[in-house]
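One structure below.
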Amino acid sequence: MSDTPSYDPQAVEAAAQRRWDERHVNEPDLGRPRRPFYNLMMFPYPSAEGLHVGNMFAFTGADIYGRFKRLQGFDVFEPMGFDAFGIHSENFALSVGTNPAKLIPQNIDAFRRQLKRFGGMFDWRHELSTTDPRYYKWTQWIFLQLLKAGLAFRKKAAVNWCPKDKSVIANEQVINGYCERHPDTKVEQRFLEQWFFAITRYTERLLGNLERLDWSSSTLTLQRNWIGKSEGAELIFETPGGERIGVFTTRPDTVFGATYLVLAPEHPLVETLTTQEQRAAVREYQRAAQSQDIVSRRVGDRTKTGVFTGAYARNPATGEAIPIWTADYVLMEYGTGAIMAVPAHDRRDFEFATAFGLPIRQVVRVEGETLPSVSEDGVLVNSAAFDGVPCREAQGQIVAWLAERGLASSRVQYRLHDWCISRQRYWGPPIPIIYCDRCGPVGVPEQDLPVELPLIEDFRPDDSGVSPLARHKEWYYAACPQCGAQGRRETDVSDTFLDSSWYFLRYPSTEFDDRPFDQARTRTWLPVTTYIGGNEHAVLHLMYSRFITMALKDLGHLAFEEPYVKFRAHGMIVKDGAKMSKSRGNVVVPDEYLQKWGADTFRMYLMFLGPFQEGGDFRDTGIIGIRRFLDKVWACAHEAAGAGTRQLPPPVQRKLHQTIKKVSADTESLDYNTAIAAMMEYINLVREAGPVATTRGATEPLLILLAPYAPHLCEALWERLGHKDSIFASARWPAFDERLTTAEEVEIAVQVNGKLRGRITVPRGSTEAQVVARALAEEGVRKFVDGNAVKKTVYVQDRLVNLVV
RNA sequence: GCCCGGGUGGCGAAAUCGGUAGACGCAUGGGACUUAAAAUCCCUUGGGGAGCGAUCCCCGUGCAGGUUCGAAUCCUGCCCCGGGCACCA
C-alpha cells in the first residue's frame with residue numbers, strides 16, 4: 001500500500017512516551033485502586049557504565065507481565081528506584097578520586113534516561129534512591145526498631161585486615177590471601193565488635209514458610225540449602241578434669257569409631273585443656289590460624305594441619321580415653337566448634353588421621369565400600385551391643401542409650417548465621433548509635449534521624465587506622481542521648497542489603513516524610529503481588545527482606561510476614577557462554593541496539609532469545625526477524641484501518657482464537673518466547689489470507705496481545721485505528737471462545753507396531769471403530785499390516801491410532 | 001565433593017500427566033520483482049537411500065541399557081556444559 005507510511009521506531013516511540021507522560025498513563029491511583037497489583041522488579045545498582053542488557057532483559061520480562069496485568073484490568077503499580085549505596089560505588093569513587101555523593105546522581109540520571117527509553121511502565125512519581133536521607137532515615141529507623149526489640153546486638157567477629165592499608169577490606173578485595181591494592185601484603189584477620197541482626201531466631205519460620213510461597217522452585221531450593229537444616233545429636237565427651245566437651249554430629253551411630261576429638265583453634269577449652277608440654281606448639285598454631293585472612297581460612301580442600309593439645313577425653317560409648325587435637329578444619333561458628341573424629345567414616349577425619357598417624361576404627365560395614373566409607377546404608381560392627389543394627393536405626397538407639405547417662409541429646413543445627421550488618425566503610429547509612437562511657441551504646445533517638453552521612457573530601461581510608469568519619473570531630477562527637485555526656489558516634493555504616501531489605505515497603509509511600517510506610521497504602525498494596533528478579537539474590541536479599549518483614553510484623557508495624565506472595569526467577573543473559581563482566585570485556589550495552597532498532601524490537605528480541613526463566617546467550621543475528629514481524633503488524637494495521645468490517649474466514653478466525661488462548665496462557669506463565677512465536681504464526685496466516693482477513697476484527701485483538709511486548713508500536717497503531725485513549729487505559733485483554741479454537745476435522749496419526757505409517761483426516765470425535773476402519777483402508781497402512789491379524793489397537797482420541805499386529 | 005538446572009537441525013529454539021520430533025525465527029540455496037542493488041514476496045533445507053515423478057524406505061533428541069503397543073519425555077548407569085554451596089561435622 002503506497003499510502004502506508006513506513007515504520008519509524010524512533011518517532012513512534014518518542015510519541016508514545018510523550019503521550020504516556022502527558023496523560024499519566026503509568027500512574028495508578030494509589031489511594032483508591034479498584035484492583036491493585038504490585039508488580040515489583042529488582043532495583044538496579046546504578047553503575048557508572050550504565051544499564052546493560054542483563055538489566056534490560058530482566059526489566060523487559062517484568063514489564064511485559066505488568067502491562068499484561070494492566071490490560072487485564074488491574075491497577076498496576078510498577079515502581080523503580082536505585083540501590084546506590086555500597087562498596088561498588090565507593091570503590092569506583094576511590095578510583096576516580098571523587099566523592100560518591102557527587103558521582104551517584106550522574107549515574108542515576110543516566111539510568112533513568114535509559115529506563116525511560118526502553119519503555120518500562122514505571123510510575124516515576126515514586127522513584128527512590130537508598131542514598132537519599134529521606135530514605136535512609138527510615139533504614140536507620142528499622143535498625144532502631146530491631147535494637148529496641150533485642151534483635152540487634154554487638155558481637156566480635158573476624159574481618160579481613162590489610163596491615164598496609166591499616167584498614168578493613170571486603171572479602172572480594174582479598175586475592176589469594178593478599179591485598180588487592182598491595183599484592184605483596186598478606187591479609188590477616190582481626191576481631192572487631194560489630195552489629196548483628198538475630199536472623200537465626202527466625203530460622204524455623206523462614207524455612208517453614210517456604211512451603212506456602214508461590215516461588216520458583218529453584219529459588220526455594222537455594223533458600224533451603226542456605227538455611228541448611230541438619231538433624232543430629234550433641235554428644236558429650238568428658239575429660240578426667242571434669243570438663244564436658246559437646247560435639248555436634250549427624251552420625252551418632254559411628255560414635256564407637258570416634259578415635260580422637262578436634263577443637264577449633266578459637267575454642268575456649270583449648271586454652272584450659274592444653275598441657276604444659278604442648279602449650280607452646282598450640283599457641284603457635286592458634287596464632288598462625290588467626291593470621292590468615294578469612295577467605296582462605298574457609299576455602300576447602302586444603303592440606304590438613306593441627307596440633308595435639310596433650311589432653312584426653314573419654315569416648316562416651318567405649319569409655320576409652322582418646323586424644324584431643326586442635327585443627328583449623330573445624331570451624332568455631334558451626335555446631336559447638338568441636339567434633340568427634342570418626343576417620344573410618346568421614347573423609348576429612350580420614351585425611352587428618354592418616355596425616356598424623358591417629359587410629360582408624362571401622363564401625364560401619366557397607367557392601368563393596370572401602371574406607372573411608374561415608375554411606376549410611378550399612379550395618380554397625382565393632383559397636384558392642386549395636387553390632388548388626390542398620391545405621392539409621394542405630395542413630396536413635398545410640399542417642400537414647402547415651403542420654404540415659406546424660407551424655408547425648410538430639411539437636412538440630414543450621415548453617416544460617418546471624419546477619420552482620422556492620423561495614424567499616426564510608427558509603428552507606430551511618431548506624432545510628434552513640435557510644436557513651438557511662439551508658440554504653442545508645443540508639444540515636446528517632447526524632448534525631450537521619451544521622452546524615454557527612455559529605456567529606458577525605459573519604460579514603462588512611463594509615464591512621466581510624467574510620468574516615470571519625471576524623472571529623474564535629475560529626476564524631478555527639479552528646480549521649482541518655483546522660484548528655486560527650487559520646488562518640490558509631491563510625492561503621494550498615495550493609496547495602498539492609499537498604500534493599502525494605503525498599504518495596506517504601507515505594508507506595510515515598511511522599512510521606514513522617515513515616516517509613518503509610519498504613520493505609522501498605523494495607524492496599526502489600527504484600528507485593530509479583531516479584532520478578534534474578535537468582536543471584538535468591539539467598540541474601542530475599543532472605544534478609546523476608547526476615548525484616550517478619551520482624552516488623554512481630555513489632556506491630558506490618559500485618560503480614562511474607563513480603564512476596566509470588567516470586568519468579570528469570571534466567572541470566574550471557575555472552576559466548578560466559579557471564580557478562582567488565583573484566584571479561586564482554587558486556588553488551590543496549591544503547592546502540594535501541595538506537596538502531598528501537599525499544600520494541602529490542603525488547604521482543606531479548607524475549608525471543610530463549611525461555612525467559614532460563615536466559616540465554618546474547619547474539620545479534622536474529623533481530624531482523626522481530627523487525628520483519630513488527631513491519632507486518634504495522635502494514636496490517638494500516639491496511640485494516642481503511643478496510644470495512646467483515647466476517648473473518650473460518651481458518652483465520654480459528655487461528656485468532658487459538659492465538660488469544662496461547663498468548664494469554666504463555667504470558668501468564670512468562671513463556672514469552674512461545675507467545676511471540678504464536679503471534680508470528682497468526683500474522684503470517686492473516687497476511688497469507690490477504691485483504692479478506694486484513695480487517696479491524698483480525699488486527700485489534702492482535703494489537704492488544706502484542707501491547708505488553710511492543711508497547712509503543714501498539715500504542716501508535718491503536719491510535720491509527722481511531723481510538724482516542726491509550727491502549728493501556730482503554731483496551732481490554734481479548735477473550736477467546738473455546739469452541740472456535742477447534743476445527744471440524746482432525747488429522748490422526750496411524751501407527752503400525754508403533755511406527756508412523758500414515759495420516760488420515762477424520763471428523764473430530766470419531767470413534768475408535770470408525771478410525772480403525774478408515775486406517776485399514778489406507779494403502780500405506782495395509783502394506784504394513786499385510787494380512788496379519790490386528791492383535792490390539794490403541795486409540796488416542798483425535799490424535800493417534802496404533803495397530804499392533 | 002554435594003545440591004539444582006540443562007544437553008534436540010548449520011544456529012536460537014518448539015513439543016514433556018509418554019502419543020505425528022524440529023512449531024516460530026535466524027542463516028543457507030533457488031526463484032519473482034528491479035536497469036542494478038537494497039527492501040519485499042514465494043519455494044527449499046535433520047542425515048542417508050530409491051524413483052522421471054506424485055511419493056516411498058531406513059536412521060535420528062549427549063552415551064549405554066531397560067520399561068512400554070509407543071520414549072526427546074519414565075527408570076538405571078555413565079559423559080559433558082551452566083549455576084549455587086563448599087573442611088557445615
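Remember, it's a predicted structure, so these values are computed and weren't measured experimentally. Naming: A, B, ... by sequence-line order, numbering from 1 per chain.
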Counting any heavy atom closer than 4.0 Å, what does [X] reach on the DNA or RNA strands: base, sugar-phosphate only, or nothing?
X        : value
A:Leu800 : base
A:Arg627 : nothing
A:Tyr605 : nothing
A:Gln413 : nothing
A:Ile339 : base
A:Arg619 : sugar-phosphate
A:Asn684 : sugar-phosphate
A:Lys632 : sugar-phosphate

With a 3.5 angstrom cut-off on both distances, give the Watson-Crick or G-U wobble partner of [N], or none if there isn't one.
N     : result
B:A21 : none
B:C2  : B:G84
B:C74 : B:G66
B:C26 : B:G10

A:Gln286 (side chain) donor-acceptor with A:Pro265 (main chain) under 3.5 angstrom: yes

Check: A:Gln797 side chain, A:Ser766 main-chain N or O, donor-acceptor pair, under 3.5 Å: yes

Integer-rounded Å distance: B:G25 C1' and A:Phe608 CZ: 4 Å

Separation of B:A23 P from A:Asp666 CG (nearest whole Å): 17 Å

For nucleotides 64-73 of chain B, which of its nitrogen or oxygen atoms have a protein nitrogen or oxygen under 3.5 Å away, and what is each distance?
unit_1	atom_1	unit_2	atom_2	d
B:C69	O2'	A:Asn802	ND2	3.4
B:C69	O2	A:Asn802	ND2	2.2

A:Lys304 NZ/CZ over A:Tyr329 ring centroid, <6.0 Å and within 45° of normal: yes

Does a nitrogen or oxygen in the side chain of [X] sit under 4.0 Å from OP1 or OP2 of [N]?
X        : N     : result
A:Arg628 : B:A27 : yes
A:Arg415 : B:A86 : yes
A:Lys655 : B:A23 : no

What about [X] and [Y], are their ring centers closer than 6.0 Å?
X        : Y        : answer
A:Phe57  : A:Phe612 : yes
A:Phe497 : A:Trp419 : no
A:Phe356 : A:Tyr260 : no

Ring geometry between A:Tyr605 and A:Phe618 (parallel below 30°, tilted from 30 to 60°, perpendicular above 60°):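 If you compare the ring of A:Phe618 with that of A:Tyr605, the planes turn out perpendicular.
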
Whether A:Phe567 and A:Trp215 hold their rings parallel, tilted or perpendicular, with breakpoints at 30° and 60°: tilted

Interface with RNA chain B, restricted to residues 667-683 of chain A and to heavy atoms under 4.0 Å: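 Going residue by residue through residues 667-683 of chain A, the ones with a heavy atom under 4.0 Å of RNA chain B turn out to be A:Asn673, A:Thr674, A:Ala677, A:Met680, A:Glu681.
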
Could you tell me how far [M] sits from [N] if I compare only their [atom1] atoms? Round to whole Å.
N     : M     : atom1 : result
B:C78 : B:C2  : P     : 11 Å
B:C59 : B:G5  : P     : 34 Å
B:U28 : B:C43 : C1'   : 13 Å

Side chain to side chain contact (heavy atoms under 4.5 Å, CB included) assessment of A:Leu213 paired with A:Leu210: CA-CA 5 Å; A:Leu213 295 180; A:Leu210 292 176; 4.1 Å; yes

Base orientation of B:G9, syn vs anti, 90° cut from 0: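 You should classify B:G9 as syn.
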
